[in-house]
Every structure is written in structure tokens, then in C-alpha cells.
Amino acid sequence: MSDPIYTEIIIDEAKNAHNVGTIENPDISQHDANPMCGDDITLQMRINNNEISDIKWHGDGCTICKACTSVLTQMVKGQNIEFAKNLKKEEILSELGLQHLIKQSPVRIKCALLSLKALKLGLYSYLAKKIENSSSVDSLKEDASKLY
Amino acid sequence: MKEKGAKLEYIGVDDNGELLLDQLDSYLETGKVKLVAFSQMSNVLGTITNTEEIINKCKKSGVKTLIDGAQSVPHMKVDLEKLDCDFFAFSAHKMLGPTGVGVLWVRKNVLETMDPFHGGGDMIREVHKYETTWNDLPYKFEAGTPSIADVIGFGAAIDYITTIGMDTIRNHEIDLTKYALEKMSQVKGITIYGVKDVLKRGGVISFNFHDVHPHDVATIVDREGISIRSGHHCAQVLMERLEVAATNRASFYIYNTKEDVDKLIKSLEKVAELYKL
């Protein structure tokens with residue numbers, strides 16, 4: 001039986017992660033970490049006309065964290081902010097067949113969703129600065145805090 | 001610490017994780033040290049600290065000592081009378097007892113100089129409108145309703161392991177650790193941390209396997225039936241010194257066998273297979 005987490009896809013995705021690097025003078029730079037396990041990443045984005053025209057990430061983490069971050073960056077690159085704002089954890093997890101982590105592994109789910117949390121918090125900071133009434137984007141912050 | 005204006009300094013360790021006691025001498029020479037706190041056995045590397053030497057040095061300088069015995073007490077004979085330290089702490093959950101209960105032993109003449117840190121039933125002798133006096137030791141420090149069931153459970157755990165015998169436990173772990181160190185050091189791509197001499201370490205082995213993140217290693221071997229700990233082991237400062245983000249840690253107790261060690265090594269092969277190492 002093949003391993004439910006460590007499939008070839010996930011291990012390859014982590015080993016050859018996409019969008020690794022830094023962006024000079026990014027519009028969004030969001031760092032986040034899971035203190036208990038040491039996953040530690042920074043997501044950077046460039047926004048043009050409400051579109052995430054570039055996204056890069058760097059940091060250290062386990063295979064699950066790296067693979068999910070890589071997939072997330074590919075999913076949102078070139079998309080508009082609205083798409084990224086509404087991205088659900090199930091969408092990230094299902095890309096890698098990791099939906100079962102939600103119920104079966106409360107510990108490793110944090111590794112999988114760290115980058116989504118950073119994305120939501122980064123977008124929140126960016127949008128809250130842009131508009132006068134920040135309460136309209138408060139739901140993003142709430143979303144991020146409820147991920148795990 | 002900030003409130004009292006106290007300054008925290010560290011005694012460094014060598015590459016094997018053994019304390020550099022020359023540094024302790026330099027600190028003691030300043031005459032400014034109030035308390036030396038250290039672990040009798042490292043929870044990460046298993047290193048057994050030369051406790052007697054440190055206490056003797058501190059006593060000569062009139063400095064109090066606090067020992068974390070959470071790892072040593074369950075695994076080896078500890079004689080507080082002989083050690084003659086000032087504070088000694090250990091925990092039930094590391095010695096087959098219940099969670100949330102432990103012991104902080106304090107030398108009586110030190111306790112007598114201390115005020116209660118917690119208010120509640122049992123810790124008072126007399127209460128008046130504007131004046132309160134404290135009860136005798138140890139009640140002065142045992143405010144409120146204690147966790148009675150847990151303390152009784154802790155007592156049963158202590159009885160159980162002392163019946164087996166602390167020397168028996170220690171010898172069993174020496175045997176297992178020796179076997180594991182020999183076998184594990186033959187595994188390709190493994191890095192083992194800590195001193196090699198089994199008499200200087202307890203029954204834990206911290207290691208890394210190739211460049212696979214410890215959380216991934218732990219998850220995979222878990223499914224093969226082996227539970228190990230992975231992460232920074234609440235010792236981030238030591239992780240920094242070892243220049244690693246985290247380690248895997250296999251730990252042994254009275255119920256473990258050489259077959260368990262073999263199984264761990266076999267499960268590392270599974271990691272190698274998945275990662276094509």
C-alpha cells in the first residue's frame with residue numbers, strides 16, 4: 001500500500017518546489033512560523049491592478065509544508081486578489097490528496113496550511129492599508145486564524 | 001527577571017553537548033552569581049551532567065543550585081541527601097505517573113526564607129482584617145485543594161519503579177542505548193548527536209536522517225509502529241548550537257527491547273525508500 005502522505009507527487013513537489021526565492025520591494029511580505037515544529041516561511045507578492053503578478057517564498061520546513069507552499073504559489077500566481085482571498089484549505093489540500101489530514105492529523109495540518117495562513121494575513125495587511133474601512137477585510141484575518 | 005534586574009547567562013556546551021565547566025568557574029569568580037540552574041540529564045542528548053562537581057563549585061562560592069531532574073529521576077538513582085543542592089524538580093508524567101503533577105523539592109532552610117507565591121486554603125495560620133500569618137512548611141506553599149488523585153497516582157508510579165529498582169532500570173537502558181548506538185551508527189546517512197560513552201548518557205538518542213525533516217521521519221516511522229519525538233524538544237538554544245532546526249529523538253524505558261531498536265532501523269529504510277535516498 002502506498003503511503004497516504006508521502007506520495008511521489010508530494011516528495012517531488014517539495015524537492016523541486018516552485019516559486020522559491022525573494023521579490024525585491026514586494027507589495028506584500030508575510031512571515032509566519034509554526035513554533036512547535038519549526039516550519040518557518042516568508043511569502044512575498046507583487047500586486048498589479050488587483051492581480052498577483054508575482055509570488056515567491058523562502059524558508060525552512062518539512063516536506064508537507066514545502067509541497068503545499070509550492071502548490072499554493074502556483075495556484076494564486078496570475079490570479080486576482082479576490083480569488084486568493086477566497087481560497088479554501090480544501091482546495092490546497094486536494095491538489096496533493098491531503099484532505100485526510102484535516103481529520104486524521106491535527107499536528108501535520110499546521111504544516112500543510114502555514115502558507116495559506118501567511119497568504120491570508122499578507123493580503124489582509126495589504127488591503128487594510130489601502131482602504132479606510134478595514135472591517136470589510138476583517139473576515140480574512142478571521143479566516144486565517146480559523147485554519148487550524 | 002526583568003523586575004528583579006537579574007541577568008541570565010549561559011554555560012556553553014562542546015560539540016558533544018557536554019557543559020564547559022570552565023565557563024562556570026569564570027562566572028562564579030565574578031561574585032555576582034545568585035543561582036546556577038541546570039539539567040541533571042539532557043532531554044535532547046541524554047548527557048548526564050557532572051552534578052556533584054557543579055554543586056561543589058557553587059557551594060564553595062555560596063551560590064544556590066537548582067536542578068531539573070525530570071529526566072534523571074525516572075532513569076537513574078538520585079540521592080538528594082548526598083547531592084545537597086538547594087532546589088530539585090521532577091515530573092510524574094516522565095516516570096509512568098499522571099500528567100500535571102510533579103515535585104519541587106527545596107532545602108528546608110531556603111524554604112523558610114521564602115514567601116508564599118500562591119494564596120488559598122491551608123497556607124494561612126491566622127487571618128485578621130489587616131494581618132495574615134503563614135502556616136508551617138510545607139502547607140505555606142500548598143495553597144488550595146491539591147490534585148489529590150494525581151499525587152496518589154504519582155506515589156503508585158514511584159513505588160512501581162522503585163520496586164523494579166533504579167539500578168535495574170539504568171542498566172537496562174545502558175544495554176539498549178549501547179546496542180542502539182552501535183546499530184544506528186551503521187545506518188547510511190544518519191547523524192547522531194551527543195557523547196558516545198553510554199555511561200555518560202541516558203536512554204535517548206537524538207539523530208537526523210539525511211536531509212529529511214524530522215517531522216517527516218517521525219510521521220513515517222510512526223506508521224511502522226515506532227513512536228519517536230521530533231522537533232526542537234523545547235531546546236531551541238541547543239538546536240542553534242548544533243546548527244539544526246530540529247532532530248528526531250528515540251527514547252527508551254523499561255518496556256523497550258532490542259527488537260524495538262531493530263524495528264526503528266528497519267523503519268528508517270522505509271524513509272529512505274520513499275525519499276529515494
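Proximity to chain B is absent for every atom of A:K66, based on heavy atoms less than 4.5 angstrom apart.
For the set B:Q236, B:M239, B:R223, B:H232, the count of heavy-atom pairs under 4.5 angstrom toward chain A peaks at B:R223. Among A:D12, A:D39, A:T63, A:T7, the residue making the largest number of heavy-atom pairs under 4.5 Å with chain B is A:T63. Contact count versus chain B (heavy atoms, under 4.5 Å) is highest, among A:V107, A:D40, A:I5, A:D60, for A:I5.
Under a cutoff of 6.0 Å and an axis angle of 45°, A:K110 and A:Y148 do not form a cation-pi pair.
Ring geometry for B:F154 against B:F90 counts as perpendicular: the plane angle is over 60°, on a 0 to 90° scale with 30° as the lower cut.
Using a distance-only test at 3.5 Å, with no hydrogens or angles considered, a donor-acceptor pair links the side chain of B:N208 to the main chain of B:A246.
For the residue pair B:S72 and B:Q40, a side-chain donor N or O sits within less than 3.5 Å of a side-chain acceptor on the partner.
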